[in-house]
There are 2 protein chains.
Amino acid sequence: MNEFGNMPQAATDKYQQQRAQAIRCAAAVFAEKGFHGASTKDIAERIGIKQGSLYYYFKSKEEALGEVCLYGIEDYVHRMDGIAASEQPFAAKLLATVTSHLSSYRERNEALKVHNDERLYLPEEKRQKLHKLGSRYRKSLQGIFQEGVASGDLRDSIDCHFAAQAVIGICNAWGDIIVREPDLDIFDVTQKCVDLLLNGFCERRKNTRQDRRA
Amino acid sequence: MNEFGNMPQAATDKYQQQRAQAIRCAAAVFAEKGFHGASTKDIAERIGIKQGSLYYYFKSKEEALGEVCLYGIEDYVHRMDGIAASEQPFAAKLLATVTSHLSSYRERNEALKVHNDERLYLPEEKRQKLHKLGSRYRKSLQGIFQEGVASGDLRDSIDCHFAAQAVIGICNAWGDIIVREPDLDIFDVTQKCVDLLLNGFCERRKNTRQDRRA
DNA sequence: GAGGAATTCTATAGATCTATTGAATTTTTA
DNA sequence: TAAAAATTCAATAGATCTATAGAATTCCTC
C-alpha cells in the first residue's frame, strides 16, 4: 500500500505495460465468452493474478471492456486516416483499405470481435466515442469512393454510402473466416474482394480500364 | 398441477401458441441484452408472467436460446431452398436471394441477431444443428453462383465460395442498417447490391449482357 | 539490507441469478 | 357447475458475481 491507499501508479512505464497485457487478456476472454458471460475471475486467471487484483488495473469490468474495444479499432482507424490522406490513385487506396481491414482481423481479432459484438454494453459516453471513430472510418472510405467517381474511375451512378458499407460487410465476413482459417492468404482474399468491387462477377466482352492498367 | 407434476402439455395447440409467443419475447430480450446479460426475470416480464413460470415453457434458459436461434433462421433457410431449386435464370435467383435475406432482417431481426451473435453459447449438439442449416444456406448460394458460371452469365474466373460469403457479408451489413432505419426501401438496397455483384463499381465502355437484358 | 513504494493477496458484503417444488389459480371438460 | 386438467404463482436453495478494504508480499532505491 502507498500513501494514497492502493491506487495504481498510472505514471510508471511498468504499470502501463502490465495494463496493456491485462487488456489483451481481457480481449481474449471477452471474445470467447462475451462481456456478460466472462467473469472478472476468468480475466484475472488468464492474466495470472487473483480476481481482486484486477481492480488495480481497471476501475470496473466495464472499464476493461472500454479499453478492449478501443484497442480493437484504434489501430485500423488510424491506418485508414493515412490511406485516405495519401496521394494514390483510387484503385490503390481501395486495395490498401481492404488489406488493412483484413490484416486487423489477423492481428487483433479478439479485440476487434469484442468491439463489434460487445460495445453496446458500454455506458453511453464511451459508446459515443467509439461510434465517432467508426464513423470516421466509414466516412473516409466513402470519401475514397467519391474521389473514385470524381476521377472517372467509378461510374457516377453508384451510391457511395452503399459502397462503403458493402466493403465493410465483405471485409467483416471474410475477416471472420480469415481468423478461423489461419492458412488463408490475406492478399489473395484482398485481390478477389477488389476485383468484385471494381468489375463485378458478370461475364464481360471488353476489358475495363482497371484491367488494362494492371 | 396435473398427474405428472407441472409438466407442460406439449400436445395442445394453445400451449404451442403461447410458447411461440414466449420465443418471440425471449428473442427481443436476448437481442437487446445478449444471452448472458438477459435474465430469466427479464424474459418473463416481457411475456407478462413471473420468473418461475418461464420454466413451464422452457427446460432452461439455454433451451430458450436454442429456440430463438432456430426461429431466426429456419424461415430464410427454407426460402433459400426454394430459390435454389427453382427454374429461374441466374440473375433472378440472385435477386430473390438478396431480397429474401434482407427481408428476413425486417421480419425477424431480433431472432436473427440473436442467432448471429449468441449461438456460440449453445451446447455443442444444438450449435451443430444450426451450423448445418447455415452451411446449407451457404452451399445453396454457392451453387447458384456455380450455375451462373456454367450458364456463361458469370466469368469462369470467379471463386464461388468467395462470392457466396461476400453476398452474405453485404446482406448482413445492410441488414443491420435496414433494421436501424425503418424508412429504407429493401428493394432499393437489393438493386444496388445486385448491381454491385454483377457489374462492379468501375466505369465501363460497353454495356454488359445483364444490362442489355434489363 | 533498510525503508518506502508498488503490486498482489485474502476475505467478504451484498446483490444478483437459475432452477425447483408444491400450492394456488384459471381454464376446460363432462 | 363440479371435477379434472392446464397454467401460473410464491418461496427458496444454492451458486454465482462485482467491487472494496486492509493486510501481505515483492520490488526498487539509497
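Both backbone and side-chain heavy atoms feed into the values below; hydrogens, waters and symmetry mates do not. Labels below follow one simple rule: chain letters A, B, ... track the order of the sequence lines, proteins then strands, and each chain is numbered from 1. Remember, it's a predicted structure, so these values are computed and weren't measured experimentally.
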Provide the full list of side chain to side chain donor-acceptor pair (under 3.5 Å) pairs with a residue in residues 64-73 of chain B, sequence neighbours left out, each pair given once.
Arg19(B)-Glu67(B)
Does Ala38(A) reach a base, just sugar-phosphate, or nothing at all? Heavy atoms under 4.0 Å.
sugar-phosphate
Verdict with supporting geometry, Ser103(A) and Arg106(A), side chain to side chain donor-acceptor pair (under 3.5 Å):
CA-CA 5 Å; Ser103(A) 300; Arg106(A) 269 275 158 77; over 6 Å; no
What protein N or O atoms touch nucleotides 28-30 of chain C N or O atoms at under 3.5 angstrom, if any, and at what distances?
none

Between dT8(D) atom P and Phe58(B) atom CZ, what is the distance in whole Å?
12 Å
Output yes when at least one side-chain N/O atom of Tyr57(A) is less than 4.0 Å from OP1 or OP2 of dT8(C), else no.
yes
Of the nucleotides dA19(C), dA6(C), dA6(D), which has the atom closest to the Tyr56(A) side chain?
dA6(C)
Partner residues of Glu62(B) under the side chain to side chain contact (heavy atoms under 4.5 Å, CB included) criterion, sequence neighbours left out
Phe35(B), Ser60(B), Pro123(B)
Are Lys113(B) and Glu32(B) close enough for a salt bridge, meaning some N to O gap below 4.0 Å?
no
Salt-bridge test for Asp153(B) and Lys93(B): reply yes if a basic N is under 4.0 Å from a carboxylate O, no otherwise.
no
Among residues two or more places apart or on two chains, list those pairs meeting side chain to side chain donor-acceptor pair (under 3.5 Å) that have a residue in residues 175-184 of chain B.
none
Here the distance between atom P of dA19(C) and atom CG of Leu54(B), to the nearest Å, is 9 Å
Take the protein atom CG of Asp13(A) and the nucleotide atom C1' of dC27(D), then report the distance between them rounded to whole Å.
16 Å
List the residues meeting side chain to side chain contact (heavy atoms under 4.5 Å, CB included) with Gln128(B), not counting sequence neighbours, and say none if there are none.
Glu124(B)
Using atom CZ of Phe30(A) as one end and atom C1' of dT18(D) as the other, report the distance to the nearest whole Å.
12 Å
Taken to the nearest whole Å, OH/Tyr55(A) to C1'/dT12(C) is 14 Å
Counting only non-hydrogen atoms, which of residues 40-51 of chain A are less than 4.0 Å from DNA chain D?
Thr40(A), Gln51(A)
Euclidean distance, atom CD of residue Glu63(A) to atom P of dA19(D) [Å, nearest integer]
10 Å
Charged N to carboxylate O under 4.0 angstrom, Asp42(B) versus Arg46(B)?
no
How many Å lie between CD on Glu62(A) and P on dA19(D), as a whole number?
8 Å
Base, sugar-phosphate alone, or nothing: which one does Ser53(A) contact when heavy atoms must sit under 4.0 Å apart?
base
Electrostatic pair Lys192(B):Asp188(B) at N-O distance under 4.0 angstrom
yes
Please state how far atom CD in Gln18(A) lies from atom P in dT7(C), giving the value in whole angstrom units.
7 Å
